[in-house]
Colleague: 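Let me begin by handing over the structure; questions about it come next.
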Amino acid sequence: MLEKTYQPAEIEPRINDEWNKADAFKSGRPERKDAKPYSIVIPPPNVTGSLHMGHALNNTLQDVLVRFERMRGRDVLWQPGMDHAGIATQMVVERQLMERQQPSRRELGREEFLRRVWEWKEESGSKIFNQLRRLGASCDWSRERFTMDEGLSRAVIKVFVDLHRKGLIYKDKRLVNWDPKFQTAISDLEVVQVEKKGSFSWVDGDPEKPFDGDALAKVLKKDPSGHMYHFRYPLAQKVPGYDAEYIIVATTRPETMLGDTGVAVHPKDERYEALIKAGAKVRLPLVGREIPIVADEYSDPEKGTGAVKITPAHDFNDFEVGKRHDLEKINVLDAFGRLTDDVPEAYRGLDRFEARKRIVADLAALGLLAKIEPTTHTVPHGDRSNDVIEPWLTDQWYVNAAELAKPAIAAVENGKTQFVPKNWEKTYFEWMRNIQPWCISRQLWWGHQIPAWYFGNPADRIFFVAENEEEAKRLAVKQFRETAGKPGAVFKTSADLDDLLASPMGLQLVRDEDVLDTWFSSALWPFSTMGWPDETTELKRYYPTSVLVTGFDIIFFWVARMMMMGLEFMDEVPFGDVYIHALVRDEKGQKMSKSKGNVIDPLALIDKYGADALRFTLAAMAAQGRDIKLAPARVEGYRNFATKLWNAARFGEMNECVRQFEFDPHKVKHTLNRWIVGETERAANAVTAGLEAYKFNEAAGAIYEFVWGVYCDWYLELIKPILAGDDEQAKVETRACTAWVLDQCLKLLHPFMPFITEELWAHMVEHGERRQSLLCLSEWPKLSGLASADADEEIGWVVNLVSEVRSVRTEMNIPAGAKIPLVISGASDATVARARAHDETIRRLARLDGISFAAVQPKGAALIVIGEATVALPLEGVIDMSAERNRLQKEIEKAEGDRNKAATWLSNEANVAKSPEHVVELNRERVTEASDRIVRLTAALKRIEA
RNA sequence: GGGCGGUUAGCUCAGUGGUAGAGCGCUUCGUUUACACCGAAGAUGUCGGGAGUUCGACCCUCUCACCGCCCACCA
């Protein structure tokens with residue numbers, strides 16, 4: 001027996017156990033060895049992560065698809081796994097060390113620190129998997145992978161070595177985005193622009209506002225960014241034809257001026273023509289260095305004075321200008337963002353922001369500060385550290401992404417991979433066509449260490465990229481031997497090399513200390529999880545995957561890179577479809593964030609309403625191309641829906657509605673049953689079509705409407721008289737049919753609400769052959785030929801009649817408990833037959849004490865016009881006849897409105913001539929029907945007035 | 001600066017070239033043998049403004065306004 005109330009918290013863990021025990025989600029089930037595979041790789045959550053709303057949505061949608069296809073008989077692999085999340089994880093463990101007052105990362109040393117990280121991973125790293133299970137995720141948990149697993153690491157190394165050999169990975173010294181907080185390079189994508197607004201302003205020579213160093217210091221202390229500082233750079237010598245003794249340049253980052261090695265003006269800028277001709281130089285204030293004034297089109301005459309200071313070591317644009325004019329690159333910042341020894345002594349070791357203040361103040365004191373203006377500009381920040389990023393000159397490893405992007409672009413162009421919704425393809429193309437070299441090295445410890453080994457002193461290090469140290473050494477020896485004696489070679493003779501090899505130390509190589517960007521290993525996820533580089537059966541069977549389900553925020557980070565790597569190493573796209581879902585926001589449309597305090601915890605919602613309710617909510621709201629603003633009231637509403645289903649099942653149970661194995665919905669005889677099986681087919685088709693098209697909301701809506709609006713609201717009510725009656729044959733059929741429809745509901749609903757449906761399924765006994773053990777492995781409804789027009793029409797009439805009577809009862813204020821008679825007049829034989837056939841049902845639902853037929857309508861009755869018949873509720877003395885008159889009057893007006901609208905439309909010749917036939921026909925019918933209605937309603941009104 | 005999306009009932013959102021929908025909320029009624037996490041009935045909208053295409057526009061085109069997001073730039 002089912003419990004009286006639906007309690008998700010009691011059901012869900014138990015059902016999860018049953019799935020686990022049965023290994024229900026294992027891929028490659030023997031009985032499906034001939035089935036078509038269906039595969040999805042999970043977007044691997046960070047090992048540090050815990051389930052948030054984004055995960056909940058992402059995994060619900062995947063699970064809906066996976067359960068749907070599993071029920072359709074496919075051999076499903078939903079590949080689970082986690083990402084090692086370089087920076088995030090290293091941060092977490094470092095913080096933990098600090099909290100426990102243990103030695104720091106650097107004190108521990110690399111090996112010991114990594115041991116601690118692994119320890120941490122074993123202890124707390126799988127939290128999110130348990131949370132995903134609570135959500136109902138039907139991953140093949142036996143295949144869990146981790147990006148730092150031995151196997152996946154092997155894939156990473158192989159990819160790196162291969163790409164390097166092909167020249168697609170290279171080492172380069174150029175500007176990178178440097179995160180001074182973590183002392184690592186990060187990729188362009190990991191930089192977020194934060195807007196800064198200044199407020200302070202001052203102009204040299206303004207008598208109202210003499211320069212006040214303290215005031216400025218105060219402003220700068222609050223936030224040193226947000227201001228444009230204009231400096232005078234004195235010319236090294238007077239230049240004929242140029243009046244001033246200085247040139248004014250502007251910057252938002254004054255501290256970088258210490259690294260200026262040039263000033264650029266536009267070649268066509270007449271103001272500076274003389275300076276260029278003379279090859280003039282400026283003397284860099286505070287430093288004293290003479291730096292050239294160069295002509296470069298980079299400088300924009302419209303901006304400021306048209307002269308721009310050039311700091312090649314600390315600005316991406318300046319770097320390019322510097323290259324063109326062979327300007328010196330002077331690094332004035334160290335890894336922590338402090339000033340180096342390459343600046344005047346007074347500033348050495350200062351923090352960059354402290355230096356900024358000092359430099360502005362010092363230049364002002366020298367009379368070289370011309371102006372400070374408040375400005376709004378964006379400042380690059382690290383997405384993890386939230387620290388201001390510095391363009392910094394270092395050696396890093398890069399992927400030639402532009403080359404790898406070519407086939408990845410083509411694959412989407414020719415439809416091998418399709419984005420859903422399609423408009424995301426534009427975003428993808430836009431980025432891919434302008435892709436920049438991808439900086440993949442990170443100065444961290446937690447991650448895949450770069451497989452490059454160095455020889456020699458740091459200044460002129462020679463490196464060898466190989467899968468392991470032995471291989472690297474072999475490469476080294478080979479190269480040294482081949483180049484021995486040649487100009488610039490490491491060894492003058494082969495004998496020198498032999499001596500080294502024979503020495504006790506032998507050939508010493510040092511491995512690159514850097515690790516790879518986390519996304520580098522993520523990019524291999526679709527094939528590395530399946531065993532690549534080995535040629536595994538999984539790879540053969542499940543690659544390419546069927547679909548990738550992910551949020552738009554990682555199209556660049558992840559989707560694009562998987563496309564590139566998949567095509568490069570598998571010669572095949574990693575997925576056929578990419579379903580891009582929205583972001584989950586709060587009720588007001590704001591991004592959820594801890595700092596805003598508007599985070600809705602999916603686990604709290606699961607505790608309160610059950611995982612099924614949360615899942616259904618997310619699926620129902622996942623309309624394509626829109627963000628989801630989550631209102632918790634929706635979750636409650638869908639919990640109520642689950643309860644409704646629960647109670648419908650209880651109703652069936654109480655009425656001995658037992659599913660019959662032999663039951664064939666095509667063979668039902670009773671009109672009600674013929675009607676409901678047709679409706680079931682319609683619902684099943686709608687759900688199937690919705691899921692096939694990734695229209696989760698439509699699929700969810702279709703089953704919701706069917707279960708509640710059709711099955712519960714009407715079918716179960718309509719059959720009560722049969723179940724309570726004594727027509728045994730009808731009873732037997734109806735019981736079986738009720739059970740069958742519920743069965744279909746459970747199946748159609750299972751992808752969305754797996755727990756409650758599995759639970760109810762287990763409770764439903766079946767007569768005849770033993771059912772399969774689990775709903776999640778049962779067959780998806782594939783229904784056809786069940787619709788019957790006559791049953792639809794007949795039940796439609798009953799529903800219409802009952803609704804109308806109920807409506808009139810309420811409007812006429814007839815007490816809900818009062819049973820009243822009903823008299824039908826002017827009815828066709830068919831209508832009479834229908835009324836008789838459903839006599840008891842109609843009486844029950846409309847709360848009538850009898851239905852009779854008469855040639856003329858009784859006096860003093862409320863009248864309803866349905867089709868050709870007039871239905872009277874004789875209530876003289878009970879109801880207020882003037883109210884009834886008003887009601888009828890309103891009905892007539894409404895009908896007249898309908899008729900006029902259609903008639904007017906028809907009277908326009910253009911309408912009739914140019915519209916398709918069915919539209920014209922529709923309007924003709926409207927006129928006829930409305931006119932008919934008006935005639936009958938008017939007659940009814942006359943009777944009352946008479 | 002480039003691009004994308006949004007603007008529909010009090011709220012959160014669906015929707016289609018052929019007379020506007022759901023959930024929640026609201027009003028009234030209800031102890032009908034599944035369900036008050038329920039049932040019945042009801043109220044509520046110049047579908048952001050303007051122009052155009054069309055026999056017909058909430059839907060297509062253009063334009064304006066406002067909101068949001070992404071990318072780029074920022075001396």
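Below, chain A is the first sequence line, B the second, and so on; all start at residue 1.
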Colleague: Taking G25(B) as the reference, what is the distance to U44(B) when you measure between their C1' atoms (whole Å, please)?
Modeller: 12 Å
Colleague: With heavy atoms under 4.0 Å as the rule, sort Val249(A) into base, sugar-phosphate or nothing.
Modeller: nothing
Colleague: What is the distance, rounded to the nearest whole Å, between atom CG of Asn908(A) and atom C1' of G18(B)?
Modeller: 14 Å
Colleague: Using a 4.0 Å heavy-atom cut-off across all strands, classify Asp553(A) as base, sugar-phosphate, or nothing.
Modeller: nothing
Colleague: With Tyr711(A) as reference, evaluate Trp708(A), Tyr715(A), Trp714(A) under the side chain to side chain contact (heavy atoms under 4.5 Å, CB included) test and give the passing residue.
Modeller: Tyr715(A)
Colleague: Could you tell me if Asn647(A) and Tyr6(A) have a donor-acceptor pair between their side chains, going purely by distance under 3.5 Å?
Modeller: no
Colleague: I need the CD-P distance between Glu925(A) and G18(B), as an integer number of Å.
Modeller: 17 Å
Colleague: So what does Thr427(A) hit on the nucleic acid, given a heavy-atom distance under 4.0 Å: a base, only sugar-phosphate, or nothing?
Modeller: nothing
Colleague: Please evaluate residues Arg561(A) and Leu189(A) with respect to the criterion side-chain contact (heavy atoms from CB on, under 4.5 Å), reporting the C-alpha separation (whole Å), side-chain torsions for both, the decisive distance (0.1 Å), and the verdict.
Modeller: CA-CA 12 Å; Arg561(A) 288 162 177 174; Leu189(A) 284 175; 3.4 Å; yes
Colleague: Has Lys426(A) got a side-chain N or O lying under 4.0 Å from the OP1 or OP2 atom of G3(B)?
Modeller: no
Colleague: Between Arg650(A) and Glu653(A), does at least one N-O distance fall below 4.0 Å, as a salt bridge requires?
Modeller: no
Colleague: Taking OP1 and OP2 of A75(B), is either one under 4.0 Å from a side-chain nitrogen or oxygen of Lys303(A)?
Modeller: no
Colleague: Taking the six-membered ring for Trp and the single ring otherwise, decide whether the centroids of Phe696(A) and Tyr579(A) are under 6.0 Å apart.
Modeller: yes
Colleague: Side chains of Glu195(A) and His377(A): any donor to acceptor distance under 3.5 Å?
Modeller: no
Colleague: If we count only N and O atoms by modelled type, under 3.5 Å, do the side chains of Glu190(A) and Ser187(A) hold a donor and an acceptor together?
Modeller: yes
Colleague: Distance between the P atoms of G21(B) and A43(B), in whole angstroms?
Modeller: 13 Å
Colleague: For a stem of at least 3 consecutive Watson-Crick or G-U pairs with distances under 3.5 Å, i pairing with j, i+1 with j-1 and so on, which stems involve RNA chain B?
Modeller: B:1-7 with B:65-71, B:10-13 with B:21-24, B:26-30 with B:38-42, B:48-52 with B:60-64
Colleague: Contact class for Tyr609(A) vs. all strands (heavy atom < 4.0 Å): base, sugar-phosphate, or nothing?
Modeller: nothing
Colleague: Base, sugar-phosphate, or nothing: which does Trp646(A) touch, judged by heavy atoms less than 4.0 Å apart?
Modeller: nothing
Colleague: Determine whether a donor-acceptor pair (one donor, one acceptor, N or O, separation below 3.5 Å) exists between the side chain of Thr378(A) and the base of C73(B).
Modeller: yes
Colleague: Minimum heavy-atom separation for Val687(A) to Phe752(A), with atom names?
Modeller: CG1-CE1, 4.4 Å
Colleague: Tell me what Arg806(A) touches on the nucleic acid: a base, only sugar-phosphate, or nothing, going by heavy atoms under 4.0 Å.
Modeller: sugar-phosphate
Colleague: What's the gap between G23(B) and C66(B) when it is taken at their P atoms, as a whole Å value?
Modeller: 36 Å
Colleague: Among U19(B), U12(B), C38(B), which nucleotide has an atom closest to any side-chain atom of Leu922(A)?
Modeller: U19(B)
Colleague: Could you work out the separation of U32(B) and C37(B) based on their P atoms and round it to a whole Å?
Modeller: 16 Å
Colleague: Within the 4.0 Å heavy-atom criterion, would you say Ser299(A) contacts the bases, only the backbone, or no part of the nucleic acid?
Modeller: base
Colleague: Any chance the rings of Tyr428(A) and Phe556(A) have centres within less than 6.0 Å?
Modeller: no
Colleague: For Ile554(A) and C69(B), give me the distance from atom CD1 to atom C1', rounded to whole Å.
Modeller: 17 Å
Colleague: For Asp300(A), check side-chain contact (heavy atoms from CB on, under 4.5 Å) against everything at least two apart and list the hits.
Modeller: Glu302(A), Lys303(A)
Colleague: Measure CG/Asn434(A) against P/G1(B) and give the value in whole Å, please.
Modeller: 19 Å
Colleague: So for Arg639(A) and C37(B), does any side-chain atom that can act as donor or acceptor lie under 3.5 Å from a complementary atom in the base?
Modeller: yes
Colleague: Return no unless some side-chain N or O of Ser807(A) is found under 4.0 Å from OP1 or OP2 of G42(B).
Modeller: yes
Colleague: Looking for any heavy atom pair under 4.0 Å, which part of the strands does Gln193(A) touch: base, sugar-phosphate only, or nothing?
Modeller: base
Colleague: Which residue, Glu811(A) or Phe641(A), contacts RNA chain B at a nucleotide closer to its 5' end, judged by nearest heavy atom?
Modeller: Phe641(A)
Colleague: Write down the distance between CG (Asp300(A)) and P (A72(B)), rounded to a whole number of angstrom.
Modeller: 20 Å
Colleague: Just call it for Tyr298(A): base, sugar-phosphate, or nothing, with non-hydrogen atoms closer than 4.0 Å on any strand.
Modeller: base
Colleague: Below the 4.0 Å mark, does G39(B) have OP1 or OP2 next to a side-chain nitrogen or oxygen of Trp708(A)?
Modeller: yes
Colleague: In whole angstroms, how far is the C1' atom of G1(B) from the NE2 atom of His377(A)?
Modeller: 18 Å
Colleague: Rounded to whole angstrom units, what separation is found between the CZ atom of Phe556(A) and the C1' atom of C70(B)?
Modeller: 7 Å
Colleague: Using the C1' atom on both, measure U19(B) against C69(B) and round to a whole Å.
Modeller: 37 Å
Colleague: Can you tell me how far C1' in G1(B) sits from the matching atom in C73(B), rounded to whole Å?
Modeller: 7 Å
Colleague: Which letter, B, S or -, goes with each nucleotide of nucleotides 25-36 of chain B from 5' to 3', with contact meaning a protein heavy atom under 4.0 Å?
Modeller: ----SS-BBBB-
Colleague: Between Arg809(A) (CZ) and A41(B) (P), how many Å, whole number?
Modeller: 12 Å
